[in-house]
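Heads up, the thing below is written out as structure tokens.
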2 protein chains.
Amino acid sequence: MAKADGEQMGIVTALVRVAFLVDAVYADSAREYGLTQQQGQLLCVLMPRSYGMGELGGVLGLAKSSLSGLVDRTARRGLVRRETDAQDNRAVRVELTPEGSRLADEFYAETCRRIERLPSGLPDAEREVLADLLSRVVRDNEVPPVFMVLDEQG
Amino acid sequence: MAKADGEQMGIVTALVRVAFLVDAVYADSAREYGLTQQQGQLLCVLMPRSYGMGELGGVLGLAKSSLSGLVDRTARRGLVRRETDAQDNRAVRVELTPEGSRLADEFYAETCRRIERLPSGLPDAEREVLADLLSRVVRDNEVPPVFMVLDEQG
DNA sequence: GGTGGATGGTTCGTGCTACGAACGAGTATC
DNA sequence: GATACTCGTTCGTAGCACGAACCATCCACC
């Protein structure tokens with residue numbers, strides 16, 4: 001059943017291609033702030049609060065050693081720091097530095113502007129439907145909070 | 001306006017989190033076939049036809065040097081090969097080997113199965129709406145064919 | 001209190017991946 | 001024939017991924 005403006009792709013192809021698109025926009029936005037995609041992602045996750053390494057690894061889907069490296073490199077940039085956990089001397093909590101928080105805010109805001117443009121060809125009502133359907137997919141699949149909901153900011 | 005099962009996130013957050021989800025599933029699927037995400041992506045792009053390096057770089061969004069490296073590593077695996085372009089001796093065309101084609105088919109089929117499960121919590125009608133809306137976002141943003149539409153296969 | 005297992009995180013080794021600059025071979029234009 | 005441009009590779013560099021091994025700390029059990 002071809003649509004007027006070309007054959008419709010299935011849900012699978014549409015999801016993969018949209019993911020590719022979002023990744024590209026996200027990576028371009030990060031690059032503007034001198035960040036890699038992974039560093040940007042780390043900063044975004046840390047915006048609401050600090051995380052332990054175990055939980056952070058779970059959210060980002062990274063092996064422990066990968067996360068140690070990512071935190072090392074980002075800490076070396078002065079954007080995050082490790083604090084000893086008062087309740088468990090084995091653990092550390094990772095949090096944004098003031099510089100990291102400032103950069104995260106700017107990166108997050110700019111990334112929101114860019115991502116927001118992607119569905120701008122849809123009428124408002126359809127964009128609302130899209131947001132609802134995608135939100136339910138996110139919830140059904142228990143996607144971790146890799147990007148803040150807009151009103152979560154301080 | 002909170003939904004019954006939690007506050008709805010905006011379109012931006014939903015898009016980013018869905019992309020994160022799809023990426024994770026795609027990477028897991030690739031790993032099952034001994035592929036990295038980028039190698040899997042390369043194989044998928046090459047399924048319909050061969051590509052020149054310039055065009056391939058454009059589709060995948062990679063620098064020329066990055067693509068040379070990716071093709072090198074994948075060729076070393078015996079999954080792709082370079083052919084001299086008959087019309088331009090500077091150029092090469094990259095195509096799947098028989099082994100690469102076989103692996104690409106399996107990887108693609110399995111990835112389709114896994115991605116197809118993601119929106120399975122939605123009723124059929126809503127999934128159809130989601131496919132339509134996402135397809136339009138893909139078209140509006142001129143996303144390159146990084147993943148085949150299902151009926152394109154031979 | 002001592003012991004053993006589990007947990008939290010780091011280091012190491014290895015390979016993949018990204019980019020810009022520079023380069024060589026081939027093509028197109030004058 | 002000379003020059004500019006194109007195509008793709010190589011080089012140098014840095015980031016990033018994982019599993020194995022390790023060390024320090026915590027907790028349960030005796």
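Chain identifiers are assigned alphabetically (A, B, ...) following the order of the sequence lines, protein sequences preceding nucleic acid strands; residue numbering begins at 1 within each chain.
- Of the candidate nucleotides C/dT17, D/dC7, D/dT9, D/dC7 has the atom lying nearest to any side-chain atom of B/Ala91.
- When rounded to the nearest whole Å, the span between CG of B/Leu70 and P of D/dG15 equals 21 Å.
- Judged by distance alone, with hydrogens and angles left aside, B/Arg90 brings a side-chain donor or acceptor within reach of the base of D/dT6, the pair sitting under 3.5 Å.
- Of the charged side-chain nitrogens involved, none lies within less than 4.0 Å of a carboxylate oxygen, so that A/Glu116 and A/Arg114 do not count as a salt-bridged pair.
- We find that CD of B/Gln87 is positioned 15 Å from C1' of D/dC7, with the value rounded to whole Å.
- The interatomic distance linking B/Asp85 (CG) with C/dA25 (P) rounds to 19 Å, in whole Å.
- In this structure, CG of A/Leu56 is placed 19 Å from P of C/dT7, rounded to the nearest angstrom.
- Between C/dG9, D/dG15, C/dC16, one nucleotide has an atom nearer to the side chain of A/Val92 than all others, and that is C/dG9.
- Within 4.0 Å (heavy atoms only), A/Arg82 reaches sugar-phosphate atoms of the nucleic acid but no base atom.
- Between B/Tyr26 and B/Phe107, the distance separating the two ring centers is shorter than 6.0 angstrom.
- Neither OP1 nor OP2 of D/dC16 sits under 4.0 Å from any side-chain N or O of A/Ser66.
- Within 4.0 Å of B/Leu62, counting heavy atoms only, lie sugar-phosphate atoms of the nucleic acid but no base atom.
- Distance, B/Arg76 CZ to D/dT9 P: 13 Å, rounded to whole Å.
- Backbone-only contact: B/Asp88 has heavy atoms under 4.0 Å from sugar-phosphate atoms and none from a base.
- Put simply, CD on A/Glu83 is 16 Å from C1' on C/dG9, counting in whole angstrom units.
- Applying the side chain to side chain contact (heavy atoms under 4.5 Å, CB included) rule to B/Asp23 yields the partners A/Ala19, A/Asp23, B/Gln37; only residues at least two apart in sequence or on another chain are considered.
- Evaluation of atom-type donor-acceptor distances gives no pair under 3.5 Å for the side chain of B/Ser68 against the base of D/dG8.
- The shortest distance between the side-chain N/O atoms of A/Gln39 and the OP1/OP2 oxygens of D/dC16 is below 4.0 Å.
- Annotation: cation-pi pair B/Arg49/B/Tyr51 present, NZ/CZ under 6.0 Å from the ring centroid and within 45° of its normal.
- Of the residues near DNA chain C, B/Lys64 and A/Ser65, the one whose nearest nucleotide (by heavy atom distance) lies more toward the 5' end is A/Ser65.
- Looking at A/Asp88, its side chain does come within 3.5 Å of a backbone N or O of A/Arg90 through a donor-acceptor pair.
- The shortest distance between the side-chain N/O atoms of B/Gln37 and the OP1/OP2 oxygens of C/dT17 is not below 4.0 Å.
- The phosphate of D/dC16 (OP1 or OP2) has a side-chain N or O of A/Arg73 nearer than 4.0 angstrom.
- Taking the six-membered ring for Trp and the full ring otherwise, A/Phe20 and B/Phe147 have centroids separated by 6.0 Å or more.
- Within 4.0 Å of B/Leu67, counting heavy atoms only, lies no atom of the nucleic acid at all.
- Rounded to an integer number of Å, the gap from CZ of B/Arg77 to P of C/dC16 is 8 Å.
- The side chain of A/Asn89 places an N or O atom within less than 4.0 Å of a non-bridging phosphate oxygen (OP1 or OP2) of D/dC26.
- Using a 4.0 Å heavy-atom criterion, one finds that A/Gly69 contacts no nucleic acid atom at all.
- Between the C1' atom of C/dT17 and the CD atom of A/Gln38 lies a distance of 10 Å, rounded to the nearest Å.
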